Amino acid sequence: MKFPGLNLQILLAALLGIAIGLLFQWLGEADETVQAGLYLSGVVGGLFIDLLKMILIPLVFTSIAVGIANLQGHEQMHRVWTTTLIFFGFTMVIAVLIALILSNVFRPGAGLQIAMFADAMQNFKATELTLPQFFEHFLRGLFVNPFTAFSQNNVLAVVIFALFVGIALVMGGERYRHLHQLLKELLELTMRIVGWIMRIAPLGIMALLIKLTATQDAAMFASLGKFVAIVVGGTLLHGIVVLPLLLYLITGVTPLRMFRGARDALITAFATSSSSATLPVTMRCVEQNLGVKRDIVGFVVPLGATINMDGTALYEAAAALFIANLVGIELNLVQQMIVFFMAMIAAIGAPGIPSAGMVTMVMVLQSVGLPAEAIAILLPIDRALDTIRTAVNVEGDVVGSLVVDKLVNQGRNS
Ligand code: ASP
């Protein structure tokens, strides 16, 4: 019998992981086999994420620096920048609109009693974060000593430093050709290591999904059913209809081709709930399976993994309206517009790690006077919802790089 290829292995591993997780859930945590299985899954899944994180920083740094340096000529660089930012912004706007429309139509939380959640809210202390504080925190995190940024896995600061290096390489031209060459080779080398890590991806993904599925609180899902349905439905609508449609209209790439090419990245995002940890896989898929040029991939995808989060933006807006309904506050149009902007800012500012959206959500709630402690209600279900929104966050980066590749090259040829 022929051994299935890596793509198929990853898909099968994900399905098997969910099935075993459900079985564990059914057997209950008291069972010794389940305990041993969960322990082992924790170790294997953790190691897989460690490996991805190990390669993340070298990959982000070299790919952005080389990506920018290869874009040679200011005009093209400018075009890539603007196209990327406009596209990312546009898709996030649509995502938040979907959340607002669905929440206004279906009004999740309106029939629930806030008293049901009083205990959880009492034990939860939200980290206060006002808008000016958030901005200050965000801005002060941009320019960091590169060694500190590298050692602390600070992806955003590494992106910024790499941008500077890339631009300096372009300006210096021939003078820095050795350094340029060195960085190119380093990038090659890191991609090779990513290839090795991918070989154990099926195992890592299976382990992560076993643990995730086995430890979900099903009762909590049922009581928040309508909200969960809106978040999942809205996120899927964005991921299965809006993004593929935009992609098709702009580039002519069919949804099937995109999903096939991006499948490993989407499954990894689903299992890890981290766009950052998934980044090495996303870059590999976009370049190798979807044929986007390395310069574009190297710039658009890492930037997208840090700032472009459609799923998170949608979630933040839906959660704010849900909590408003729950505590019986009617948000007027102006307040909903505030939620609209804050959800976008909160998504841009959220790092690509599990449950990051929950931290920045405090700011969205506070901006319209909602109690930050209400986040405690969402905590038990967040990890599960994070799977789908992270997958859509990553899909947005994949679609963005295909769109930028097409639009920039069209400009070059015309
Ligand atoms: N987990 C998400 C991501 O990495 C961020 C979030 O919590 O919304 O993309």
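Quick note: residue numbers are just sequence positions, from 1. All values reported here derive from a predicted model rather than from experimental measurement. Numbering of ligands and ligand atoms starts at 1, following listing order. Atoms considered below: every heavy atom in the structure, side chains included; atoms not considered: hydrogens, waters and symmetry mates.
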[X] neighbourhood, listing ligand 1 atoms whose heavy-atom distance to it stays under 4.0 Å:
X	answer
Ser273	1 (N), 4 (O)
Ser274	4 (O)
Gly357	6 (C), 7 (O), 8 (O)
Ala356	6 (C), 7 (O)
Thr312	5 (C), 6 (C), 8 (O)

Can you find a side-chain donor-acceptor pair between [X] and [Y] that sits under 3.5 Å?
X	Y	value
Thr278	Thr272	yes
Asn393	Asp397	no
Gln25	Thr213	no
Arg383	Ser273	yes

> Below 4.0 angstrom, N of the basic side chain to O of the carboxylate: do Glu395 and Arg389 qualify?
Replying inline: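 Salt bridge flag = no for Arg389 with Glu395.
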Is the contact between [X] and ligand 1 made by the side chain, the backbone, both, or neither, using heavy atoms and a 4.0 Å cut-off?
X	answer
Met358	neither
Ser355	backbone
Ile353	backbone

> Can you list the residues that meet the salt bridge (charged side-chain N to carboxylate O under 4.0 Å, His left out) rule with Glu330, with sequence neighbours excluded?
Replying inline: Arg107
> In Å, rounded to the nearest 0.5 Å, how long is the span from CG of Leu56 to CZ of Phe150?
Replying inline: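 The CG atom of Leu56 sits 11.0 Å away from the CZ atom of Phe150.
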For [atom], what's the nearest protein heavy atom and its distance?
atom	answer
atom 1 (N) of ligand 1	Asp386 OD1, 2.8 Å
atom 2 (C) of ligand 1	Thr390 OG1, 3.3 Å
atom 9 (O) of ligand 1	Ser275 OG, 2.3 Å

>> For a side chain to side chain donor-acceptor pair (under 3.5 Å) check, start with the C-alpha distance between Ser275 and Thr390, then their side-chain angles and the critical distance, and finish with the verdict.
In response: CA-CA 6 Å; Ser275 339; Thr390 307; 5.5 Å; no
>> Below the 3.5 angstrom mark, is there an N/O of Met309, backbone or side chain, next to an N/O of ligand 1?
In response: no
>> Contact between ligand 1 and Ala350 is defined here as a heavy atom of the residue under 4.0 Å from a ligand atom; is it met?
In response: no
> What do the steps show when you test Asp382 against Tyr315 for side chain to side chain donor-acceptor pair (under 3.5 Å), and what is the final call?
Replying inline: CA-CA 10 Å; Asp382 183 62; Tyr315 181 61; 3.1 Å; yes
